[in-house]
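Chain letters run A, B, ... following the sequence lines, proteins first and then strands; every chain starts at 1.
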Amino acid sequence: MVNPIYIFITSLGAAFLLNLFQKINRKIADLIFFLTLAVINYISLFWFYQLLQGYEAAKIYTAGFLPPYSINLYLGIEEAVFLVLINLLGFFSAVYLYKKFREISIKAMILYLVLIMGLNGLVMTRDLFNLFVFLEITSITTYALISLEDNKYSLTAGFKFIIAGGLVSTLFLIGTIYLYRLGGSLNLDFLVNSGVLNTKAGILATFLLVFALLIELKPFPANGWALDVYQSVHPGIAAIIASASSAAIFFVIYKFIPLMPSSFLPLLAGIGGVTFVFSNLMGLKQTDARRLLGYSSIAQMGLLLAALALIMQFDNLQSLSSIIVIIGGLFINHFLAKAGLFWLAGIVQKRNIRSWKIIANNPPLLLVFGGFILALIGLPPFPGFWAKWELVMQLSANNMMVWVWIILAGSLLEAVYLFRWFGYAVKNTEVEEIRTEAAQYLPVLIFLLGLLYLGMEGTHLVSGADSIYVLPVLLGVILYVLNWLPNKLKGSLCLLAVIYFSYRLLPALQDIYQLFGVVFLIGSAVLLITTFARKDIFKGFYPLLIIMILSLGNLLQAKTSLQFFLSWEFITITSYLLILRGKFSLKAALIYITFSLAGAYLILAGMGLAFRDTGVVSLAGLASIVNSGYIYVLLGLGFLIKIGIVGFHVWLPGAYTEAEDDFTPFLSAVLSKMGIFGLIMLAILLGEPVLKGIQLNYILGWLGVLTAFFGALLAAFQEDIKKLLAYSSLGQLGYIVLALAIHSHLGWVTSIYLTFTHLLFKGILFVAVAGLLSRVKTRKMYEMGGLINNMPLTFISVLIAIIALSGVPPLSGFGGKWLLYSSLLEKGWYLQAGLAFFASTIAFLYCYRILHSVFLGQPKTALRDVKEPSVWYIVPQYLFLFGIMAISMYPNLILKPVMSAVSTYFASSIYWEDYTVISSLGYWNGNAVMMVTMGVFMIPLLWLLFRIKAVTKVKQFNIVYAAERPDRPETTHYAHNFFAHYQKALGFLARPKVTEFWGNIAEVIHSVGALFRQLYTGNGQTYAIHILIFLLISYFILGVK
Amino acid sequence: MNSVTLILIGNAILSLFLITIWGLTLNGMVMKIVARVHGRFGPPVWQPFLDIIKNNAKRTMIAHGTMFFLGPVFRIASGIGTYLFIPAIFGSTVFSNFSFSGDVFLVMYFIFFGQLGMALGAGESGHPYSPIGVSRGLAQMTAFEVPFSLAVISLAVQYNTLSITEIVAAQQGSILNWTIFTNPLAAIAALIALLGMNMHNPFSIVIAPQEIPIGPPTEYHSAYLGMLQTNRAIFNIAKLVLYMNLFFGGATNFITLILKTFLIYIFTSVAVGVAFPRFRTEQSIRFFLKYPALIGLLAIIIVSIK
Amino acid sequence: MTVISILGFILIIIGLWGMLTQKNIIKMIIGFSIIDTGLHLVIVSIGFIKGRTAPIISKAVEGLDTGKNFIDPVPSALVLTAIVIGLAITALMLVYAVKLFRFKRSLQIEDFEELKW
Amino acid sequence: MAKRFITLLLIALLAYMFLPFIVEVDETSQLNRVAEKYVTAGPLELGAANLVTAVIVTYRGLDTLGEIVVLFIAAVGIGFLLRKPSKKKIAAPKRSSSEILRTGSDFLIPLLILFGVYIFTHGHLTPGGGFQGGVVLTSAALLFMLSNTEARFNKQLTEVIESVSGIFYLIIGILGLILAGGFLDSRFLQLGEMGRLFSAGAIPIIYSIIGIKVGMELIGILEKLRKEEI
C-alpha cells in the first residue's frame, strides 16, 4: 500500500530538486521529471486497481488528527478514476511537450509538475480551505505556463485569465469563510449536515463557493478569457487546461453536490445546457482551429455539467451503471478527444481550419483526427455515443424531453462545425508536409486507441447493446491494416465477407426482414464488383465500405433499439466518410451528414420516448405502446430524412452527385432502402398510428407522392447525369413510400416489389454511369452524345434499365406501376393515384434524355475514341440485367415470396391464376405481356431484316438538313436545356424553394451565432463584468429566500 | 405451342388485319374530309394504301445505326400491341384479342413503349429536328396524360374495375348506360386528352409541318416510313377503340365499331383540329393542366362521393 | 456584525469598482489588492470574539479557561495563507503588466483586444 | 459612461447580494467545536504556546505546505515569465544610494536578520512565525539592495538554500508520517516543556525551515524584479 500522500511528496520533492539537478546535469533533471510523473501514475493506477478489486477507499488524515481537526484526503473509486486520467494525461502531455520544455527552461517543468500535483490535490482533498490552496496552486502555475509561448497573444489571454481567476478566488474565499462561520468547520463532510443551509447567508456562502468553481468551468457567457486562453496558449498546455483542469474542477463540483441545496441543481443544469448550446452556436462561425476547440471544450463541459445536474435530479435512476455510462462516457470522451485534438493542433501548426488540408498528406494523422472528431460528436464506436444514448434514454424516462431536445440541438450544431473542419482537412490540394516527431505523435495515437478501447467496452455497460454490432468496425480495422494488399484482393475479401455474412444472416431472418436482407447484402455484393475497376491507392475505402455493408445487415437483426440505432449511426458515418472521398464533395457531404444526424437525433428522441413508455429498449416492446403517434412521427421523420423525402431532400442530389462514381450506386440502390426498411419496421410495430385525430399514414402517402412528383420534375431539368439520376432515385423512393403508406397487403407488396426493382435498375444505371464517367471526364450530358457505338454493352443495359424504370411493359417496371395503381385505387386514394401517374409520365422526360443525350445523336469529336468501360463495370450491370429480365418474364419469382412475406401481417388481397395476378380491381399477366410483346416486335423486325440488303450505313453528318451540312456536332446535337419549353410551363414548380429555405435557416443560425459572439469583445475588464453579471443573474434566478 | 395458343394467335391476326384495313381507310377518309374543309380537292381515299406499298417497295434504305433501325419496329410493335391488349368487340372471341394479359393500365402504359422506342430511333439519326420533335412530344404527352389518367381513375372508381371488358359490359343495355352519359365529366376530360394524343391541331407542334418538316420521323424513309404509316393507322384505331370501349359503350359487332370509331374521330379530333390554330408546347402543357385536369379531378370527386 | 467585516466588504466593493472601471492595468491590479485586503479583514473579523484575547498561552492568561478567553485561531491561520497567496498573485499580475508593457508600450487594457469572438 | 453606470449598478447589486452576510450573521460570541478543541487541547497535544502556530504548522499543515508551494511557484513563475530580457531597453539613470541610506542600512541589516531569525524560531511561543520571519529577512535584503545598487545576491546560493529547505520540509513531513500520526505531524519529537525554545515537537524546526525558504523565495523574486529593465 502506497500512501497517496506520496503523490504530493514526490512531485513536490522533484519540483524542489529539479532546479538543483539542472545545475548538475540537465539530462538527470529530465529523467527525474519523467520518473516523478511515472511514479504518481503508478500510485494512482495502483489505487485504481486496488479499489476495483473492492479494497477500502484510502482515507488520509494529515498531522495525525481526525477530521474535522485536521485536513484529510479521500481516495475512493471516483477519485481514483479522475486521478488516473489526470496523471495519464499529465504524463503524455509531458512527453508531447518535452521538446518545448527542453528548449525553454527547467522552470517550465517545475511549474508543470506542481500543476499536476495541484490537480491531484483538488480531486482528493476534503477540506474547503485546502481546496482553495490547491485551486490557487493550479491557477498560478497555469498563469505562468501560459507564457510557454511568449507572445503578446498568450500573455494578453493570460492577463484576462488572471483577472477572472482573481475574482473567482475572492468569491471562493468569502464563501469558505462564511461557511466556516456558520457551519463550524472547513471539512466538507462535516459541513454537509451542519445546518448551514438553514440561513440565507449559508445558502449565499454555498452559492459563492459553487459558482466560483463553476466559473472555472467556463460557463456561457462568463468565459471570454477562457476562449482567448485556448486560442493562444501552447496546445500542450491547452490540452491540460481543457481536459485535466476542467476534469478536476468538474470533480470538485461533483464533491460539492451533497452540500448544495436542491434548488441549485436545476440552475446548474440550465447553465450547462445554455453553455452547451450557445458555445456550439458561436463555434459555427469560428475559423481559428484552436479557438474552435475552445468553443467545443466549453460546450462539452457544459453538457457534462448539465448531465450531472440532471442525473442528480432523477427520481428513479435505473442503475448505477447508467450514471457511469453517462457521466463516465461523456467525461472520458471529452477528456481524451479534446486533449488529442489540441495536441493535433500543435502538430499541424495551422491556425485556420481551412489550412488543415495539409493533414491529408499524412494518413495516420488524418485517421486520428477523424477518430477524435467522431468521438467528440458522440458517434459510435466511441464512449460518447453510449453516454448520449443512455442520457437521452434516462432523460426521457424521467420526462425531461425538453432537455433531450436541447442536448440534441447542441450536438447537431457541434457536429456541423466539427464535420466542416474535418471536411477541410480531407480535401487535400497542397503538397506541404507535416513534420511529426514520435514524441508528439505517440500520445495522440495512444489517446485515440484508449478512446476506441473504452468505446468497445461500452457495449458491456449499456443495456441492450451487443458487441456483435461493433464487430464490423473490427473488420474495418483489419482491412485498414491490410491496406498494402492489391485492390482486387481487398475487394474480393470484402466480397467474401459480405457473402459469408449473407449466408449466415439471411436464413436467420424472417419474411420482410429477409427480403430486405437480400436487397442490402446481395445488392451490395453485386455492386462491390464495380470497385474492382479501381486502380488508384485508396486508403480507407474498403474498410468503410465493409463497416457500412455489415451494419446494414445488423440493422435487420437488431433486437433492441440501441442495436438498431448503433448500426444506423455506423451506416451514417461510414457513408458520410465515403461521400467525402469525392473530389468536390465537401459541401455536399456536410449537408448530408447534417441532415443525417438531424434525422438520427429525431430517431434517438423517438426511441427515448418509447423507452419512457415501455421501460425497455427492445424493439418488439414498441408494439405495446398505446399512444404511439409521437413516436411514430419522430422515428418516421428520421427515416424519411434519410430517404430524402420532399422538404428534406436537399442533401440528396449533392451527395449522390459528388460521391465517388462507384459509391453512388450503393447510395441509391442500397442505402436509400434503409429508410424504407425503417418505415416498414415502424409500421409492423406500430401499425397505423393517429396523432391528434390525423391519420399519419395519410400524410405519409401525400409526402410520398409529392416526392415522386418533384423528384421526377427536377430530374427532367438536370444537365448533370448523376444529378439527374439522383433526382430520379428520389422520385422512385417517393413511390415506395406512397405504397408503404397505403398500409394494406397490396400496398406493402407494391412497396417491396418496387424496392427490388429499384435496386436492379438504379444499380444498373449508376454503375453504367460510373463506367461511363471512367471514360468520359464530364458529367454534363450535352457534352457527350453518340456513344452508342463506343460502348454498346453499356447502352443495352442502360436501355433495358430505363425501360424498366419508366414502367413501360413488358419489363418489370410495369408490374410496379400496376401494383401501385391497383393498391391506391383499392385504398381509395384517387388523387394520389392521379398525381403518381402524372409523375410517372414526367419520368419519361428524363428517361429519354439520358439515352438520347449520352448515347444517341451526334458523337463529339473529342469523344470519338472512347472505349467500353472496364469489364468490372459491365459485370454487375449484366447481373442486375439478368435479374430484370427474369422478373419481367416470371414476375411470380419475386411476387410470390413478397406476397407470402407480407401475408404475415395482412390477409392477402390478391390471388394468382397461373401467371395472372388478380387484384380486386384488375389483373395482369406479366408472362403473357412479355410473349405478346416479343411476338409483335418480331414481326416488323423480321420484315425489316428481310429488307436489310437494301440498307446502307451512312456517315455521321449525312442527314437531311435543309441543304446545308452542319459543321460541328456541338451545334447539331440537340441536348442542352432539352426541355426548355417544359421549364417555361412548369419550371416555377422546380425552383429551389426548399433549398433556399434550408439555406436561410442555416444563415439565420450562423448569424445568431455571430451575434452572440460579439459578447467576447476581447477586453479583459469586460470579461470580468461578464463574470459579475453571470453571478448576479444566477443568484437572482435562484431567488434565495 | 398448344392449340389454344394457336387459335388465339390466329384470331389476333385476323382481328389485326381487319382493323388495319379500316384504319387506313379511316385515315384516307379523314384526309379527304379535311381537304374539303380547307377547300382543297384532296387525295383519294385509298391514298394511304398506295403510300404504304410505295414506301415498302423502295429499293434503297439508309441506316444511322441500330437504334435508328429498330425505332420503327418499336413504334409499330407498340401500335399492334396496344390494339391487341384491348378487347375490340364485346362478346366476340375473335376480337377479344389478348386482353387477358392485362387491364386498362397495361394499355395505357404500352402506348409509351412505342413512343420511347421511336424517340430513341429518331434520336440516333443525329438530326437535331428529331429530338426537338421528341422533346415537344414527350412534354406534351405528360400533360395530356393527366386528364386522361384522371378520367380512367374516375371510371375505375365508377365501375369498380380496371378490366376493359367489364367496363364495356357495364355499359350495355341502353345508350344511357354509356359512360359519356353516366360520367360526362370523365368523358370530357378524356376526350380533350384525345385531342393531344392524336396530335392534330391545336396540338400539332410535335410534327410541326411548317418549321420542322415532320418531327421525330424526319430521317425516316422507305420501308421505315411505310411501317410508321401502317402504325399510324393501327395505333389511331387502337386509341379510338379504347375510347369507344371506355366511354361509348363499346361495340358488339364490327359495323358498330366502324361507325363509332369514325364518329369519335370526326367529331373530336378532326372537327376541333380544323377549327383551331396551333398551341406552342408550353401553352398546350398549361392548357391540359388547367381545365381538363380540373374536370378530371371533379369527375373523380363526384364519383367517389357517390 | 462587526464593523471590521463591514469595512472589509466596503473595501471589497471599492476594489472591485477600481478593477472594473480603471483602464490602466496597474490601477486594476491595485483594485485587486484592495479587494484582497478587504477580504482579509472579513476573514479575521470572523474569528474575532469581543472581549477575548489572542490564542497565545502566556503569563497573562495563566490559569484562565482558554476556551472562554481565546478568540478563534482558525481564521487567523487562514488569513496568513490568504495573504501569502494574494501576494503571489499580485506579484504575478505585476510581472504580467511588465510583460504586456513590453509588447505595446502601453498599460491601457483596451490595447490588448486582439483576441476576440 | 453607460458602461460605468452598468458597472455601478452591478456592484450595487453585488453589495445587495452580500447583505445577508452583514445582516444575518451575528458577531461571533463563542468558539465552535473545532476552535474549541484547538484552544483547549492544542497546548496539550502539540505543546505550542502560540495556538495559531499550532493550527498553521500542524493541524492545517498541508495548507501551509501548499502556501510554501504557492510562493515557490510564484517565484519560479516570475522567473519563467521574465526569462527573456526586454528587447527595447530603456536604461534608467544609475544613481548610487544616499549616504544616509547606506549608513542606516549597514546598521539596520544585522538587526533585521537577527530579528527575522528570532521571529521564526520563536513562532511557537510568541506572535509571528516562519512567514513573518521570512518577510523580515527579505526586508533586510531589500534594504541591502537599495543601499548597494551594484551588488548582486548569489543566485545559486539562494536557490540551493531554497531547494534544500523545501526538501527538508518534506522530509520532516514524511518523518511525521512514519514516526507519528500522519504527514506533517510534528509530534515525532518530544513535546518538551511548554514555553521553551526547544519544545512543541518539530514545530520550531518546521517554522525555521519555512522562514528560510520564504526568505529565499522572496529574495529571489526581488532579485528578478530588480534587474528587470522595462
Side-chain angles (χ1 to χ4, degrees), chain C residues 1-6 8-10 12-14 16-17 19-21 42 45-52 54-59 65-92 94-99 101-103 105, chain D residues 3-4 7-8 10-11 14-15 18 21-23 25-32 34-36 38-40 42-43 48-56 59-60 63-64 66-68 70-71 73-75 77-78 81-82 86-88 125-127 129 131-132 194-195 214 221 224-225 228 230:
Chain C
M1 204 59 225
T2 60
V3 184
I4 297 178
S5 64
I6 293 172
F9 275 112
I10 290 173
I12 291 177
I13 296 294
I14 291 173
L16 201 59
W17 171 257
M19 200 165 145
L20 295 185
T21 55
V42 173
S45 77
I46 291 290
F48 180 69
I49 300 172
K50 215 171 190 176
R52 296 199 187 181
I56 298 170
I57 295 168
S58 62
K59 298 249 164 62
D65 181 0
T66 50
K68 291 269 156 49
N69 284 294
F70 282 169
I71 61 159
D72 189 341
V74 177
S76 312
L78 299 187
V79 83
L80 183 68
T81 313
I83 289 168
V84 171
I85 289 172
L87 163 89
I89 290 179
T90 315
L92 220 60
L94 286 168
V95 173
Y96 258 98
V98 169
K99 292 283 285 186
F101 184 76
R102 275 195 201 165
F103 286 119
R105 297 275 141 197
Chain D
K3 196 177 163 191
R4 276 187 169 235
T7 315
L8 189 66
L10 289 173
I11 289 180
L14 189 74
F18 284 144
F21 286 150
I22 311 285
V23 178
V25 183
D26 349 315
E27 216 168 302
T28 319
S29 55
Q30 66 194 52
L31 296 177
N32 57 40
V34 178
E36 179 92 42
Y38 289 156
V39 172
T40 50
N50 185 343
L51 294 169
V52 177
T53 298
V55 174
I56 289 175
Y59 291 120
R60 302 193 61 83
D63 272 356
T64 310
E67 210 176 328
I68 291 293
V70 166
L71 262 189
I73 53 174
I78 287 167
L81 274 164
L82 296 176
S86 174
K87 280 171 201 153
K88 293 180 232 163
L125 303 174
T126 55
F131 290 92
Q132 295 87 329
M194 193 192 287
V214 168
I221 292 176
K224 273 163 204 147
L225 285 173
E228 190 49 44
I230 292 174

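- With rounding to the nearest 0.5 angstrom, the CD1 atom of C:Ile13 is 5.0 Å from the CG atom of D:Leu14.
- Residues C:Arg52 and D:Leu31 approach most closely at NH1-CG, 3.4 Å, considering heavy atoms.
- Residues forming a side-chain hydrogen bond (donor to acceptor under 3.5 Å, both in side chains) with C:Thr81 (at least two apart in sequence, or on another chain): D:Glu67.
- Highest contact tally toward chain C, considering only D:Val55, D:Ile11, D:Thr40, D:Thr64, is held by D:Ile11 [criterion: heavy-atom pairs under 4.5 Å].
- Taking every heavy atom of both residues into account, D:Ala74 and C:Leu92 meet most closely at O-CD1, 4.1 Å.
- Ring pair C:Phe9/D:Phe21 is parallel by interplanar angle, where below 30° counts as parallel and above 60° as perpendicular.
- Applying the side-chain hydrogen bond (donor to acceptor under 3.5 Å, both in side chains) criterion to C:Asp72, with sequence neighbours excluded, gives A:Tyr180.
- For chain C, the option among D:Asp63, D:Val34, D:Val70, D:Asn50 with the highest count of heavy-atom pairs below 4.5 Å is D:Asn50.
- The two residues C:Pro55 and D:Val52 come nearest to each other via the heavy atoms CG-CG2, 3.5 Å.
- Taking CH2 of C:Trp17 as the reference point, atom CG of D:Leu10 lies at 10.0 Å (rounded to 0.5 Å).
- Between chain D and the residues C:Leu94, C:Val84, C:Ile71, C:Ile89, the most heavy-atom pairs under 4.5 angstrom are made by C:Val84.
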*For D:Leu82 and C:Val95, what are the C-alpha separation, side-chain angles and deciding distance, and is it a side-chain contact (heavy atoms from CB on, under 4.5 Å)?*
CA-CA 8 Å; D:Leu82 296 176; C:Val95 173; 3.7 Å; yes
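- Note: D:Arg4 leads D:Glu36, D:Arg4, D:Gln132 in heavy-atom pairs under 4.5 Å with chain C.
- The residue among D:Leu125, D:Ile78, D:Ile68 with the most heavy atom pairs within less than 4.5 Å of chain C is D:Ile78.
- For C:Leu87, the part lying near chain D is the side chain, with the backbone staying farther off; criterion is any non-hydrogen pair under 4.5 Å.
- The structure places CZ of D:Phe131 at 10.5 Å from CD1 of C:Ile83, a figure rounded to the nearest 0.5 Å.
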*Carefully, step by step, assess D:Ile56 and C:Leu80 under the rule side-chain contact (heavy atoms from CB on, under 4.5 Å).*
CA-CA 9 Å; D:Ile56 289 175; C:Leu80 183 68; 3.2 Å; yes
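- When each of D:Ala48, D:Ser29, D:Gly77 is scored by its heavy-atom pairs under 4.5 Å with chain C, the top score falls to D:Ser29.
- Of the possible polar contacts, one joining the C:Lys99 side chain to the D:Leu81 backbone as a donor-acceptor pair under 3.5 Å is found.
- Taking chain C as the reference chain and counting heavy-atom pairs below 4.5 Å, the highest number among D:Leu71, D:Leu8, D:Ile221 is found for D:Leu8.
- In this structure, CD1 in C:Ile57 is found 5.0 Å from CG in D:Leu51, a value given to the nearest 0.5 Å.
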